[in-house]
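Reckoned from all heavy atoms, side chains included, excluding hydrogens, waters and symmetry mates. Here the structure is a predicted model, which means the values were calculated and not measured. Each chain gets a letter, A, B and so on, in the order its sequence line appears, and its residues count up from 1.
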Amino acid sequence: MSVVTRFAPSPTGFLHIGGARTALFNYLFAKHHGGKFLLRVEDTDRKRSTDEAIQAILHSMRWLALDWDGAETYQSQSAARHREVAENLVADGKAYNCYCTPEELAEMRENAKNSGGGTRVYDGRWRDRDPSEAPAGIEPVIRIKMPHEGETTIADLVQGNVTKANDTLDDFIILRSDGTPTYMLAVVVDDHDMGVTHAIRGDDHLNNAFRQLHVFEACGWDVPEFAHIPLIHGSDGAKLSKRHGALGVEAYEEMGILPEAMCNYLLRLGWSHGDDETISREQAIEWFDLDSVGRSPARFDMDKLLNLNAQYMKTTDPARMAAGVLVDADAAGITVSPDAEKRLVAGMPGLASRAKNTHELFDLSRLYLVDAPIEMNEKARDNLADPEARQSLNELAELLKKATSWGEDELDGIAREYAESKGLKLGKVAQPLRSALTGSNVSPSIFEVMAVLGRDETLARLEIAAD
RNA sequence: GUCCCCAUCGUCUAGAGGCCUAGGACACCACCCUUUCAAGGUGGAGACACGGGUUCGAAACCCGUUGGGGAUACCA
């Protein structure tokens, strides 16, 4: 049997970081087994679902390269089918109409609380009542009949065997009084109709699985395998919420995180393969399995994400990184000449090893993006205010003009020779040079910068600074 | 309250009863490299929540305690 997994977000906001990991695990599991990964938007709750949220989720899924098979489906479009299933269940005597008022329900909840637990909230008062007793003017809901005795065991692929006493399960609503399905019915029907073989989702659904299991059985359908993965918590161990900072994956995209780094980080949260830390998508597909998913919740650690991001930036193709920088440059209103673009790509390795995110990379890149004259920061101006520094810059410039080649090593040699001839430490020469060429006191190796900048641009910047 | 789940360095984790004097990664500290800043290299500090069992032997298995989390909707 071919594997079919699905990611089923409810479009009430952006793609949550935890949801992204759930999606990733579903994707990886499906790909590992050569199966299909489906996307189903759970917009059953029309009031809370928005089109903006749907677009945001699809955008983030694409950004993370979690490509789903076929077109995404929308749960709300199957409403008629859901209703039909619920009504069939009533006809089969496996579900029934319930005419309770909200007030009666509130009272039951109160009773359940006061009784010290051990009892269901809904007392089943319409479970065996004859339909002829139905009060007029009340649209009923449909409740499913849950078993009252024995226990239910779920063989969860992550959590192991989990058993729950059936008397803790009450007859929950599967169809609302307005004829729309509840989540509990809709997931079951859709998972069945879509041929889902493995339901991999958050831990918070573990309790629901017991309920859904009985819906599957009432319908006479095969029950998919369940795998409930632990939730991601904030740095303080509590459920991830707004006060923990960014929750949506789009926020990380905006922060300058690479999608590969994000996926790698998420993958290692709750899943491991020995001591491996940096894992490519291909490798992840080959290695991923549910056995290696941990059972305890993990905390989100921004530092580690940033570290991983830095590693990916260093190893990603310079041309691609440069393209990202150009986007930032454009947003900042900087026009980049073709020459500058070449410099950017050539200088990328030296830049990328100094940045933690793409925006830092853009900032670092500025020295290559513009042509002389360049902007100077305060430290650079201070450095160049020294007459001796300008003097040495002038002398060095003369030597550089005579350089026969413009490679990093040769430039380094010229500067060293010059410093030695003047009895100066190399730093005495290199720092003013750095200020003159980069407009800053911090930069990649200054000889690398010169090599990347090229003879003309280097000399032009030197001339301006030495004046 | 009740039900369910979880528990190894600050964090993510390795660990399938002897390979554990508990390993790796991030963060932290020191040193090296060095023209600045990073990166990189080397080293350091740092954990099996607690109490009982089981066993010749438990981080690993069982029970309890404590702590954390989740679920208890005509939300998903």
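Across all strands shown, nothing is found opposite C37(B) as a Watson-Crick or G-U wobble partner with both distances under 3.5 Å. For U65(B), the paired nucleotide is A49(B), the pair qualifying as Watson-Crick or G-U wobble because both relevant distances are below 3.5 Å.
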Could you encode protein contacts along nucleotides 38-44 of chain B as a string, one character per nucleotide from 5' to 3', using B for base contact, S for sugar-phosphate-only contact and - for no contact, with a heavy-atom cut-off of under 4.0 Å?
-> BSS----
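At a cut-off of 3.5 angstrom, the base of U36(B) holds no donor-acceptor pair with the side chain of Ser443(A). On a pure distance criterion of 3.5 Å, a polar donor-acceptor pair joins the side chain of Asn208(A) and the base of A76(B).
Nucleotides G52(B) and G46(B) place their C1' atoms 29 Å apart, quoted to the nearest Å. With both ends at atom C1', the span from C9(B) to C29(B) equals 15 Å, rounded to whole Å.
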Check: protein-nucleotides 7-17 of chain B nitrogen or oxygen pairs below 3.5 Å:
residue : atom : partner   : partner atom : Å
C12(B)  : OP1  : Arg299(A) : N            : 3.0
C12(B)  : O2'  : Arg268(A) : O            : 3.0
C12(B)  : O2   : Lys304(A) : NZ           : 3.2
U13(B)  : OP1  : Gly270(A) : N            : 2.4
U13(B)  : O3'  : Ser272(A) : OG           : 3.2
A14(B)  : OP1  : Ser272(A) : OG           : 2.7

Can you check nucleotides 29-34 of chain B for protein contacts, nitrogen or oxygen pairs under 3.5 Å, and list what you find?
none

Write out a two-atom table: protein N or O, nucleotide N or O from nucleotides 62-64 of chain B, distance below 3.5 Å.
none

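Val162(A) comes within 4.0 angstrom of sugar-phosphate atoms only, judged by non-hydrogen atoms across all strands, and of no base. Asn441(A) comes within contact range of at least one nucleobase, with a heavy-atom separation under 4.0 Å. Within the nucleic acid shown, Pro230(A) has no heavy atom closer than 4.0 Å to any nucleic acid atom. Across all strands, Leu175(A) comes closer than 4.0 Å to no nucleic acid atom at all (heavy-atom distances).
Listed by chain and number, the residues in a salt bridge (charged side-chain N to carboxylate O under 4.0 Å, His left out) with Asp123(A) are Arg125(A) (sequence neighbours excluded).
When distances run from any side-chain atom of Ile173(A) to the nucleotides C74(B), A76(B), G70(B), the shortest one goes to C74(B).
Among pairs with a residue in residues 139-150 of chain A, those fulfilling side-chain hydrogen bond (donor to acceptor under 3.5 Å, both in side chains) read Arg127(A)-His148(A), at least two apart in sequence or across chains.
Atom C1' of nucleotide A76(B) and atom OH of Tyr183(A) are separated by 6 Å, given to the nearest angstrom.
At A73(B), one or more side-chain N or O atoms of Arg109(A) fall inside 4.0 Å of OP1 or OP2 (strictly under the cut-off).
If Leu105(A) and Ala430(A) are placed on RNA chain B by their nearest nucleotide, the residue sitting closer to the 5' end is Ala430(A).
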